[in-house]
Amino acid sequence: MFNKILIANRGEIALRIIRTCKEMGIKTVAIYSKADAESLHVRFADEAVCIGPAQSSESYLNIPRIMAAVEITNSDAVHPGYGFLAENAVFAEICKKYGVKFIGPTAEMIQKMGDKVTAKDTMIKAGVPVVPGSNGLLKDVAQGIKIANQIGYPVILKATAGGGGKGMRIVRNDGEFDDAWHSAKQEAKASFSNDGIYVEKYVEEPRHIEFQIVGDQFGNVAHLSERDCSIQRRHQKLVEESPSPFMTEKLRKKMGAAAIKAGKSINYEGVGTVEFLVDKHRNFYFMEMNTRIQVEHPVTEEVIDHDLIKEQIKVAAGIPITGKNYEPLLHAIECRINAEDVCNGFRPSPGKITSFHSPKGHGVRVDTHVYSSYSVPPFYDSMIAKLICKAQTREECILKMQRALDEFIIEGIKTTVPFHKALMRNEDFRKGNFDTGFLNHFDFGECKD
Ligand code: ADP
């Protein structure tokens, strides 16, 4: 087992990783930017190294500075968390070269799944269903229109380097193609320095259902059941739950087997997520694979009663998995609490938290790095907490979530708590009657506290 793990991340996930390391008797090193000196992950790690100024490019994304911190602290492994360098194949390769274990898959696996066109191609070869579309990148508008007519409108243009819902445009007819093409390309270039675009059929009224998988260094891959992440705003997840209200035993078997096939096709090592779109007839299509721990991993932890960070560390240390698949034992829902002003188009709302009280009680979990008098810096992701509730049934879980949201006091900044309260009251949500377009016709006027 590792002696000392450096956590190349910040915020709640850094704290989350420190907790498991402590329970496993592993020493921890936090890295932090000058903007994060007061963050809890700095306080709770055994050692902490300031690696630079606030800008991510000078700190959490700066590989030479992170490697220097690894060296001076004599760390033998690096946990990248999610975001920042978690899916950066160059970083994984550099860690390997320095003889430091990158807790995640190999650079080659990251590369294979990080480029969406390559990933889709790998899945086609492995016999996993994918959304019909261009086999590879589009050369120009004319080729795009030709393919769109073959597969039928509506279609969606997507960036091969995509992430966070960026570089995507829905196109409903030939006339809309040109504008969508240019704006998708531009956004992809600005966000990922890669303007490669491909096209696929736009699946109407789909659910986003993803499978958590885990693979070890001996070729074993298992699934830990699904999460439904259909509650999204601008293709970004706000609420996740497990099991999916749309799931049947038969579908879980089929999708679970496809997720395992996806993992096995690249000899996947580590925890990962295989994302699918599911249409109303319960046809499912591979969308992408994330080769890291996800923000929403706690809902899986709660329904199968396993520590996924621990699994990740064990697999990285060369310990084999049992190979058993897991079914949800309970129902869990996660609400992402962001420092955002719901009534003003979810505008970021950084600043000082003057009062903070998090909900407690049976079945309630809060993963957060913030506290009363903490200042939310404007430089990073706006998520400040994750509220996770678990109960025997979905109905009970929603009631518990409502109770917990009522107890959540965060003053001084705006948060998404009022949105979650309104969502939990919504009849269609309560019935499990929603798809990825649900928030397009949601009345955000309901979100006043
Ligand atoms: P990102 O990596 O940017 O998050 P994804 O490929 O995971 O992009 O897609 C994000 C979301 O966009 C999905 O959850 C879904 O809501 C929507 N989406 C992507 N592809 C399609 C498609 N072919 N049809 C319908 N919706 C799609």
Side-chain angles (χ1 to χ4, degrees), residues 82-83 86-88 110 113-124 128-135 137-138 144 147-148 150-172 180 183-185 187-192 194-212 226-241 244 246 255 259 262 272-292 294-296 336 381 383 434-442:
Y82 54 68
E87 288 174 297
N88 186 310
I110 295 174
M113 284 299 165
D115 182 84
K116 293 188 181 192
V117 165
T118 315
K120 255 183 108 169
D121 202 41
T122 311
M123 288 308 113
I124 294 169
V128 176
V130 303
V131 188
S134 54
N135 292 328
L137 291 179
L138 283 179
I147 295 171
Q150 279 163 6
I151 57 179
Y153 284 105
V155 297
I156 184 166
L157 297 177
K158 295 173 76 171
T160 190
K166 294 219 173 71
M168 279 193 277
R169 293 291 181 280
I170 300 162
V171 190
R172 300 204 173 266
S183 66
K185 248 186 149 32
E187 191 170 294
K189 186 157 193 167
S191 309
F192 318 114
N194 175 350
D195 67 354
I197 299 286
Y198 64 104
V199 65
E200 62 188 26
K201 175 99 185 148
Y202 182 68
V203 182
E204 301 229 52
E205 297 168 28
R207 292 233 178 205
H208 172 123
I209 300 179
E210 59 187 33
F211 270 72
Q212 178 71 55
E226 81 282 359
R227 294 184 287 258
D228 192 317
C229 312
S230 303
I231 301 295
Q232 308 178 344
R233 181 178 173 273
R234 300 195 174 159
H235 306 300
Q236 288 194 35
K237 301 163 187 169
L238 280 172
V239 173
E240 301 93 349
E241 64 181 298
S244 165
F246 199 57
M255 291 183 73
T273 299
V274 186
E275 297 189 338
F276 296 98
L277 282 177
V278 183
D279 70 15
K280 54 183 168 215
H281 309 292
R282 292 197 168 79
N283 297 311
F284 63 90
Y285 308 97
F286 168 85
M287 197 163 41
E288 68 164 335
M289 179 168 175
N290 290 312
T291 54
R292 54 169 164 80
Q294 305 253 119
V295 172
E296 60 271 25
R336 296 193 190 195
D381 188 89
M383 195 178 72
F434 53 82
D435 57 61
T436 59
F438 182 78
L439 293 186
N440 296 341
H441 22 86
F442 187 79

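Along the sequence shown, residues carry numbers from 1. We count ligands from 1, going down the list as the structure has it; atoms in each ligand are counted the same way.
For atom 9 (O) of ligand 1, the choice among H235, H208, K166, M168 with the nearest heavy atom turns out to be M168.
Neither side chain, N290 nor T273, offers a donor N or O lying under 3.5 Å from an acceptor on the other. Judged by distance alone, the side chains of D115 and T160 do bring a donor and an acceptor atom under 3.5 Å apart. Q294 and R292 share a donor-acceptor pair across their side chains, judged by distance under 3.5 Å alone.
Every atom of ligand 1 with a heavy atom of E275 under 4.0 Å away is listed here by number and element: 7 (O). With ligand atoms numbered from 1 in the order given, ligand 1 contributes 1 (P), 2 (O), 3 (O) to contacts under 4.0 Å with heavy atoms of G163. Interface of T436 with ligand 1, defined as ligand atoms under 4.0 Å from a residue heavy atom, comprises 16 (O). Atom numbering of ligand 1 starts at 1 in the shown order; those under 4.0 Å from a heavy atom of M287 are 6 (O), 9 (O), 13 (C), 14 (O), 19 (C), 20 (N).
Residue-environment remark: NZ (K201) exceeds the threshold of 12 foreign heavy atoms within 6.0 Å.
Electrostatic pairing of E210 and R227 counts as a salt bridge here, judged by a charged N lying under 4.0 Å from a carboxylate O. Ionic pairing of E200 and K158 is present here: one or more N-O contacts between side-chain nitrogen and carboxylate oxygen are shorter than 4.0 angstrom. At a threshold of 4.0 Å, the pair K120-E288 does not count as salt-bridged, since none of the basic side-chain nitrogens sits closer than that to a carboxylate oxygen.
Nearest non-hydrogen protein atom to atom 24 (N) of ligand 1 is V203 N, 2.9 Å. The nearest protein atom to atom 19 (C) of ligand 1, hydrogens excluded, is given as K158 NZ, 3.3 Å; this is a heavy-atom distance. Looking from atom 26 (N) of ligand 1 to the surrounding protein, the closest heavy atom is Y202 CE1, 3.4 Å. The shortest contact between atom 7 (O) of ligand 1 and any protein heavy atom is with E288 OE2, 2.7 Å. Considering only non-hydrogen protein atoms, atom 16 (O) of ligand 1 sits nearest to Q232 OE1, 2.8 Å. Given atom 8 (O) of ligand 1, the protein heavy atom at minimum distance is K116 NZ, 3.1 Å.
Between L439 and F434 there is no side-chain heavy-atom pair separated by less than 4.5 Å. Side chains of V171 and I156 form no contact here, defined as non-hydrogen atoms less than 4.5 Å apart.
Between H441 and F438, the ring planes lie perpendicular to each other; the angle is over 60°, past the 30° to 60° tilted range.
K237 does not count as a contact of ligand 1, since none of its heavy atoms falls under 4.0 Å from the ligand.
An N or O contact shorter than 3.5 Å links G164 to ligand 1 by distance. On a distance-only criterion, L277 and ligand 1 share no N/O pair closer than 3.5 Å. Residue G165 has at least one nitrogen or oxygen atom sitting less than 3.5 Å from a nitrogen or oxygen atom of ligand 1, judged on distance alone.
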